[in-house]
Structures are given as C-alpha cells and as structure tokens.
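The structure appears below as structure tokens.
All values reported here derive from a predicted model rather than from experimental measurement. Every chain is numbered from 1 and lettered A, B, ... according to where its sequence line falls, protein lines coming before strand lines.
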2 protein chains.
Amino acid sequence: MTSTERGEAQPLRPTKQRTAVVEALAAFDDFRSAQEIHELIGRAGSNVGLATVYRTLQKLSEVGEVDMLRTEDGEAIYRRCSATHHHHLVCRSCGATVEVEGPTVERWTRSIASEHGYADISHTLEIFGTCPACR
Amino acid sequence: MTSTERGEAQPLRPTKQRTAVVEALAAFDDFRSAQEIHELIGRAGSNVGLATVYRTLQKLSEVGEVDMLRTEDGEAIYRRCSATHHHHLVCRSCGATVEVEGPTVERWTRSIASEHGYADISHTLEIFGTCPACR
DNA sequence: GACGAGTTGACAATGATTCTCAACTGACCT
DNA sequence: AGGTCAGTTGAGAATCATTGTCAACTCGTC
C-alpha cells in the first residue's frame with residue numbers, strides 16, 4: 001500500500017484568493033452559502049471571482065477544512081470545522097451551530113449496517129432544533 | 001388549539017396523473033429522481049407533464065407517502081416509504097435501500113440536543129455502504 | 001348539465017453551480 | 001534576473017434541476 005493512494009490531497013497552493021476565502025470563513029460560526037461568502041469577501045475589500053469561491057470551498061471541503069451540507073431546498077452551505085469526525089446541531093431559526101459527537105451513533109450505525117450485510121460504512125447526521133437564545 | 005391548524009393535508013384529489021406517479025413509485029425500491037420517474041411514467045404508456053410529476057412528488061412527500069433526500073450534488077430523489085419515522089441504509093453502488101429504525105439514535109439525538117438547550121428537535125440520518133450483492 | 005376549486009401542461013423563468021479558455025502566478029531551475 | 005510550466009483565476013456563457021405562469025381541463029357536487 002503506497003502512501004499516495006489515499007488521496008493525500010497535496011497542499012493547495014496558497015494564493016490571495018484562497019487566503020481571502022479562509023479569512024471569510026473565520027468570520028462566522030454558522031453555515032453560509034457560497035454566494036454569501038463571496039459577498040462577505042467583497043465587503044471585506046478583497047475581490048475574488050464567484051467561480052473561484054465555489055472552487056475553493058469545494059476543495060476545502062474535500063480536504064476536510066470545511067463542512068458542507070445542503071439546505072432543505074438543495075443549496076450547499078459551508079462552515080469551517082474541526083478535523084475530527086462530528087455532526088451538527090443546528091438552530092432552525094438563527095442557524096447557530098454546535099459540533100457534536102459521540103460513540104453511540106457511530107456504534108449504532110455500524111451495527112445496523114453490518115446486521116444487513118453492508119460494508120464500508122459512512123453516514124450523515126444533522127440535528128435541528130431551536131437554540132436557547134431563540135426560544 | 002383548533003384541529004385545522006396543524007396543516008391537516010386534505011386528501012389529494014385522485015387524478016389519472018397522480019395515480020400514474022404512485023404506480024411508478026411502486027415499481028422500484030431505491031431512490032429515483034423526479035426526472036427518472038417522469039421517464040418511467042412515459043415508458044409505461046401514460047403521459048404526465050414533468051411539472052406535474054414534481055408537484056405530485058412534493059405533495060406526496062409532505063404527506064409522508066414518499067421519502068425525499070438529496071444526492072451528493074443536491075438533486076432531490078424519491079422513494080415510496082412506510083409511514084413511521086425511519087432512516088435509510090443505502091448501497092453506494094447499486095442504490096439498494098433498507099429502511100432502518102431504532103430507539104438508540106432517537107434517544108441519543110434528543111439527549112445531545114437538550115444537553116445544549118435546543119428544543120423542538122428533529123434530525124436527518126442516512127447511512128451509506130456497500131450492500132452484500134455489490135461486495 | 002352547470003359550477004367552482006383544484007389540477008394540469010407547455011413553456012418561460014429562475015438560480016445555483018459548473019464549464020470554458022485565455023491570461024496570470026507561484027515555485028523552481030539555471 | 002529570466003524562463004518554464006502546472007496550477008489557478010476571472011468573466012461570462014452554459015447547464016440543469018426546479019418552480020412559476022396561465023389558460024384550458026376535470027372531479028365531485030348541486
């Protein structure tokens with residue numbers, strides 16, 4: 001098994017634009033659409049093409065630097081994230097997000113899957129609710 | 001609290017078109033896109049407008065007769081389903097789907113959420129893997 | 001057999017995302 | 001410093017799922 005096989009994702013070449021995206025991501029805690037992020041970057045003074053924002057977010061999410069999920073209507077939204085496997089607890093009204101994790105679900109999904117003979121398991125899980133501030 | 005408030009979803013008026021969609025849904029077990037379903041209906045002899053297929057699937061999913069989920073690239077896919085709350089175990093390569101359920105996750109999400117003060121909880125969970133037939 | 005709300009279909013419109021391609025840039029070599 | 005080249009960028013066109021529009025139709029009911 002060579003070490004290059006596992007899609008090592010060679011480090012992205014650092015450019016003005018990528019820096020701008022990363023900085024924009026640092027500015028909020030909830031999930032935002034690519035367009036909103038593009039907007040933020042513009043507002044912050046830099047000027048990065050929308051296509052580039054899309055490309056960058058895509059790459060960052062492949063590398064695991066950002067989480068990507070889909071809104072109800074299929075729009076992709078992004079957020080910087082910690083490197084470890086985790087899920088999200090998202091406020092339905094203000095979008096406030098908490099990263100959550102725990103062995104319970106991991107164990108459950110794995111056992112359910114193997115019960116049915118499925119291998120090579122992965123899963124997605126998002127929890128929605130109303131946060132304390134929005135009650 | 002009146003009984004009409006909770007979006008009771010009055011029964012859909014039965015039409016040729018809706019019947020055709022429901023019949024098409026009966027013909028497969030995995031998730032299909034609206035366009036594929038439209039295609040199937042055509043192939044089966046009926047002729048239903050694409051917009052109608054979209055509208056119907058949307059309504060059926062509101063009523064809980066079909067499950068809707070999003071592919072990696074944001075496309076909506078549908079499948080008839082049982083009425084009870086459940087999740088899916090989907091084969092990554094052939095799409096074979098098993099409905100799964102269990103108190104474990106339900107309990108876990110509820111407790112995680114309330115730990116963080118979130119109320120009025122809901123969640124989405126999909127498990128992906130390779131089914132026995134595709135190993 | 002007429003009426004009215006719900007439904008349909010053809011097609012336009014929307015909107016997020018991706019593609020295209022020529023121009024630019026960063027890292028590296030000499 | 002100049003040369004080279006793969007990786008990157010931007011502007012706008014192109015794609016494609018999905019939704020809106022609106023006049024014509026249909027179901028159940030009177």
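- Nucleotide dT8(C) holds its C1' atom 15 Å from the CG atom of Leu57(B), rounded to whole Å.
- Separation of the His123(B) and His85(B) ring centroids falls under the 6.0 Å cut-off.
- Closest non-hydrogen pair, Ser122(A) versus Arg92(B), comes out as OG-NH2, 3.0 Å.
- Applying the 4.0 Å criterion to OP1 and OP2 of dT19(D), one finds that Gln58(B) has a side-chain N or O inside that range.
- In this structure, CD of Glu72(A) is placed 11 Å from P of dT19(D), rounded to the nearest angstrom.
- The separation between Arg55(B) atom CZ and dC22(D) atom C1' is 11 Å, rounded to whole Å.
- Distance NZ (Lys59(A)) to P (dT18(C)): 12 Å, rounded to an integer number of Å.
- Lys16(A) comes within contact range of no nucleotide atom at all, as no heavy-atom separation falls under 4.0 Å.
- Checked for salt-bridge contact, Arg70(B) and Glu75(A) miss the test: no charged N lies under 4.0 Å from a carboxylate O.
- Here the shortest heavy-atom pairing between Thr84(B) and His86(B) reads O-ND1, 2.6 Å.
- If you check dT9(D), dT18(D), dG9(C) against the side chain of Leu50(B), the one that comes closest is dT18(D).
- For the side chain to side chain donor-acceptor pair (under 3.5 Å) condition, the pairs that include at least one residue of residues 40-52 of chain B, sequence neighbours left out, are Glu39(B)-Arg43(B), Thr52(B)-Arg55(B).
- Side-chain rings of His88(A) and Phe31(A) approach one another, their centers coming within less than 6.0 Å.
- dC11(C) atom C1' lies 13 Å from atom NE2 of His38(B), rounded to whole Å.
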Grab the N/O contacts between the protein and nucleotides 14-17 of chain D below 3.5 Å, and write none if there aren't any.
unit_1, atom_1, unit_2, atom_2, d
dA17(D), OP2, Gln35(B), NE2, 3.3
dA17(D), O5', Gln35(B), NE2, 3.2

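- Contact annotation: Thr15(A) does not reach the phosphate of dT8(D) (side-chain N/O to OP1 or OP2, under 4.0 Å).
- For Gln17(A), a side-chain nitrogen or oxygen approaches OP1 or OP2 of dG10(D) to under 4.0 Å.
- Between the P atom of dG10(D) and the CG atom of Asn47(A) lies a distance of 8 Å, rounded to the nearest Å.
- Among the nucleotides dG12(D), dT7(C), dT18(D), the one closest to any side-chain atom of Arg13(B) is dT7(C).
- Considering only the side chain of Pro14(A), dA27(C) comes nearest among dA27(C), dT8(C), dT8(D).
- Here Arg18(B) reaches the OP1 or OP2 of dT8(C): one of its side-chain N or O atoms lies under 4.0 Å away.
- Considering only residues two or more places apart in sequence or on other chains, His116(B) meets the ring pair (Phe, Tyr, Trp, His ring centres under 6.0 Å) condition with none of them.
- Remark: P of dT17(C) and CD1 of Ile37(A) are 11 Å apart, rounded to the nearest angstrom.
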